[in-house]
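These values consider heavy atoms only, across backbone and side chains, with no hydrogens, waters or symmetry-generated copies. Just so we're on the same page: letters track the sequence lines, and every chain starts at 1.
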Amino acid sequence: MTSLASAAAAEQGVRRRRSAGRAARWIVTRVAGAVFVLWAVATLIFFGIRLIPGDPAEAILGGPGSRATPEALAQARAEFGLDQPLLTQYLHELGRLATGDFGTSYSLKVPVAHVILDGLGSTLLLTVLSLAVAWLLAIGLALWATRGGRIAATVSTVLEIVAAAVPNFWLGTILILVFSVGFGWLPAISTPGIPGLVLPVLTLAIPLAGFLGQLMRESVLNALDAPFTVSARARGESETGVRLIHALRHAALPAISLSGWAFGSLISGAVVVETVFARPGLGRTLLNAVLIRDIPVVIGVVMVVALVYIVVTIATDLADRLADPRLRAQSSSGGGS
Amino acid sequence: MSGSAGAPLLPLAASTAHQPSGARRALAHLHVAEVIAGLILLFLLVAALAPQLLTATDPLAIAPASAFTPPSPGHPFGTDESGRDIFTRVVYGARSSLLIGVAATGIGLVLALVLGSLAGLGPRAVDFGVNRLLEVLFAFPGLLLALLFITIFGVGVTTSTIAVGLATAPGYARIIRSQIRSIRGSGFIEAAVVLGRSPGQIFRRSILPNVAAGLFALATLGVGQAIVWASALSFLGLGAVPPAAEWGAMLSAGRTYISVAWWLTFFPGLFVVLAAASATVLGRGLQRRNRER
């Protein structure tokens, strides 16, 4: 009796260890993949930047119009390591990026890391809030659309097309026209504090909600036909309970997998929205840097955004595995791409 | 992707499966939304090819005396800060927007077709390499790849068009690759191999036609997206520059006067939405038709 119980316990332990090993292998694979992608992004950018016509030293000193003296150019070259052989520069750059040193801004003459840290918080707040609001709107939309008949289904489909066709910059402008110029309820320019956040967050969240809502509506409909819903109904659970607990959990799966992608689209939307609402943040920093070709800032922002994006993608994949037991059973290597 | 996705688009005829004429059947399957979308695109196409047919005014002619005229019978969309007629400018803007949208999608699709075919047909090592490359490109969300490209090659309409094409290519490439992979093992490909067809012939006569229908629908959707992206780049000051009659640039310039003249920003943006929504509706229609076949 005791030996039987201990054998069962041992077997359970083995199984648990095996699944833990699988999870560990999954994480290691993903992290290694992420490191590879970051290295490739850095390499791509490093050699892409060399395609820029003209002398980078001139760009540092304010472009071809600045008529810099040869001495000043030589000094700038030495200062930014541009007189070294390409391979040395490349290895040097990789070493610096790996330690989080993004160099010095050409235009602001301060470390790029400071410039990024100044804008990162504000942009993350904007994107995370927008993602949360979009999720809430999408859940509401999906539940209503599957219950409210034709009108709700029409609204949901129209919203999805709106999501694909309405540019952020126009939606933001219309919201300003209605709520700032028209009613005077909310500031047109993003001020610190909550009222200044409402319009930028809505501008980012509404199209995304249309997209996620349509996706969730379809999977709620699928879930309501699934055997597990039938069995929940047969157990006598209430309709609301069935929808909220069973159908919604199922419906959330595709939306969770897409949240990584959604976060990426929010970051690039932030470039536009921060411009529309004159809101300081990483997006505007990037846009200004692109316009004046402040290359270290462009590289720094792009690298940080890529890093954040990759981390979020891995996190959503992890959330997927936690929410969907079927994925955990699959082999650890194939699940990645 | 269930059948209910098309429910609100009001089928004109419920069941026409037994009608003999193919053309009539195709007509009966058109949905109201698709007809409207088609008409809008037709209008934009006329505007792009022959704007003189729709308006007699010069898009760049200034008339300071009639600056900031609200929408009225003489100026249906009003006038801007220099007295230029907004309707005329919006009509003339169709050419650059459609051109950018189509060109960017074309660039994206050609690139994607090369990458996708290499991965889908090539040996395993090539597939692996292309997949890693796509993974790297996917690490730049949305506009980021386009912004990076513009940093390198400078601001302008041509660069922003190529940038949008480049930024959309990875998504298309992944779809094309998986489509090719899925038909690669099918019987008619094996038959073509057995018949001794060359790889080029197999690609042209067996694979491409099978991928083409899906690609056409994808491209229609893509044109809508590309118009939105390109106008966003112009709005940010990275594409067309004022006083060019381009929707994004017009909207950006009009924002200065947002508190006095709403029509400066409303109408150019409305046309971006109309163009993109029409392309989206038609693209969805094509995709649905492909699925039904």
Which residue out of [options] racks up the most heavy-atom pairs below 4.5 Å with chain A?
{"options": "B:Val136, B:Leu137, B:Asn131", "value": "B:Val136"}
{"options": "B:Leu148, B:Ile152, B:Val273, B:Leu134", "value": "B:Ile152"}
{"options": "B:Ala146, B:Gly248, B:Ala275, B:Gly154", "value": "B:Gly154"}
{"options": "B:Ser278, B:Gly237, B:Ala279, B:Ala276", "value": "B:Ala276"}

What is the distance from atom [atom1] of [X] to atom [atom2] of [Y], rounded to the nearest 0.5 Å?
{"X": "A:Ile174", "Y": "B:Leu270", "atom1": "CD1", "atom2": "CG", "value": "8.5 Å"}
{"X": "A:Ile49", "Y": "B:Thr151", "atom1": "CD1", "atom2": "OG1", "value": "6.5 Å"}
{"X": "A:Leu177", "Y": "B:Thr265", "atom1": "CG", "atom2": "OG1", "value": "4.5 Å"}
{"X": "A:Leu287", "Y": "B:Leu147", "atom1": "CG", "atom2": "CG", "value": "7.0 Å"}

Where does [X] contact chain A at under 4.5 Å (heavy atoms): side chain, backbone, both or neither?
{"X": "B:Ser231", "answer": "both"}
{"X": "B:Phe149", "answer": "neither"}
{"X": "B:Leu145", "answer": "neither"}
{"X": "B:Thr280", "answer": "side chain"}

Discussion item. Can you tell me if A:Phe47 has over 12 outside heavy atoms packed within less than 6.0 Å of its CZ?
Written reply: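 Correct, the count exceeds 12.
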Which answer fits [X], side chain, backbone, both or neither, if we ask what part of it has an atom under 4.5 Å from a heavy atom of chain B?
{"X": "A:Ile310", "answer": "side chain"}
{"X": "A:Phe36", "answer": "side chain"}
{"X": "A:Val298", "answer": "side chain"}
{"X": "A:Ile299", "answer": "neither"}
{"X": "A:Val301", "answer": "neither"}
{"X": "A:Leu44", "answer": "side chain"}

Worksheet item: Any idea how A:Trp170 and B:Phe266 line up, ring-wise: parallel (<30°), tilted (30 to 60°), or perpendicular (>60°)?
Response: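 Answer is tilted, since the angle falls between 30° and 60°.
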Worksheet item: Of the options B:Leu251, B:Val228, B:Leu236, which is the one that meets A:Phe169 in a side-chain contact (heavy atoms from CB on, under 4.5 Å)?
Response: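 Only match with A:Phe169 under side-chain contact (heavy atoms from CB on, under 4.5 Å): B:Leu251.
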Fill in: Nearest heavy atoms of B:Glu135 and A:Val37, plus distance in Å
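What the structure gives for the nearest pair is OE1-CG2, 4.0 Å.
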Worksheet item: Which atoms form the tightest heavy-atom contact between A:Leu291 and B:Leu238, and what is the distance?
Response: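 For A:Leu291 versus B:Leu238, the nearest heavy atoms are CD2-CD2, 3.5 Å.
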Worksheet entry | A:Val302 side chain reached by B:Phe140 side chain, heavy atoms, under 4.5 Å |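 A side-chain contact under 4.5 Å exists here.
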Worksheet item: Does A:Ser268 reach the side chain of B:Leu144, with side-chain heavy atoms less than 4.5 Å apart?
Response: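 A side-chain contact under 4.5 Å is absent here.
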Practice prompt. Taking B:Arg255 for its side chain and A:Thr173 for its backbone only, find out whether a donor-acceptor pair lies under 3.5 Å.
Written response: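 No, B:Arg255 side chain to A:Thr173 backbone: no donor-acceptor pair under 3.5 Å.
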Discussion item. Test side-chain contact (heavy atoms from CB on, under 4.5 Å) on A:Val290 and B:Val155; report intermediate values, then the result.
Written reply: CA-CA 9 Å; A:Val290 170; B:Val155 170; 5.7 Å; no
Discussion item. Heavy-atom pairs under 4.5 Å with chain B - which of A:Gly48, A:Ser180, A:Ala306, A:Ala289 has more of them than the others?
Written reply: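 Ranked by contacts with chain B, first place is A:Gly48.
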Practice prompt. Mind checking side chain to side chain donor-acceptor pair (under 3.5 Å) for B:Arg89 and listing every partner two or more places apart, or none if nothing turns up?
Written response: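 Once residues adjacent in sequence are excluded, B:Arg89 has no partner under the side chain to side chain donor-acceptor pair (under 3.5 Å) criterion.
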